[in-house]
Amino acid sequence: MIDEEQRFGVRHKEHLKKLRLLVDVLTLTATPIPRTLYMSLVGTKDMSTINTPPLGRKPVRTVVAEASDSIIRQAIVKELHRKGQVFFIHNRVKGIEAVAKKVLQLVPEARVAVGHGQMPARLWSR
């Protein structure tokens, strides 16, 4: 099962297929990249769409507010208490580590990880 179509490319998938003679590859994507969409339209790749959320899934709630340490902490703690997860979005790769450090200072009980498109490929292969 592959959940990162753009980072985990064709070469990686072909390598996995060579490890076993009979292997099916399931690729999950929220928004199919043009090549994948094209392959499904011409029939070289099957594509299914899931139209209903899993049972018990809670809706995403988006709040737009002025930046505030107390609001950030309150929102993250609330989500962690309900056993959820938080994606904190920052608009620049430069400075993202400082933002992660600040989030960790605000919510020391949280597990914080940073991911971005400029990371070396070797970090993705672990």
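Every heavy atom of this structure was used, including side-chain atoms; hydrogens, water molecules and symmetry mates were not.
Among pairs with a residue in residues 90-100, none fulfils salt bridge (Lys or Arg N to Asp or Glu O under 4.0 Å), at least two apart in sequence or across chains. Screening residues 65-78 for salt bridge (Lys or Arg N to Asp or Glu O under 4.0 Å) gives Asp69-Lys102, Arg73-Glu109 as the qualifying pairs, with residues at least two apart or on separate chains.
The heavy-atom pair separating Val114 from Ala100 by the smallest distance is CG2-CB, 3.5 Å.
By the 4.5 Å side-chain criterion applied to Ile, Leu, Val, Met, Phe, Trp and Tyr, Val103 is assigned to a cluster that also includes Ile72, Ile76, Val77, Leu80, Val86, Phe88, Val99, Leu104, Leu106, Val107, Val112.
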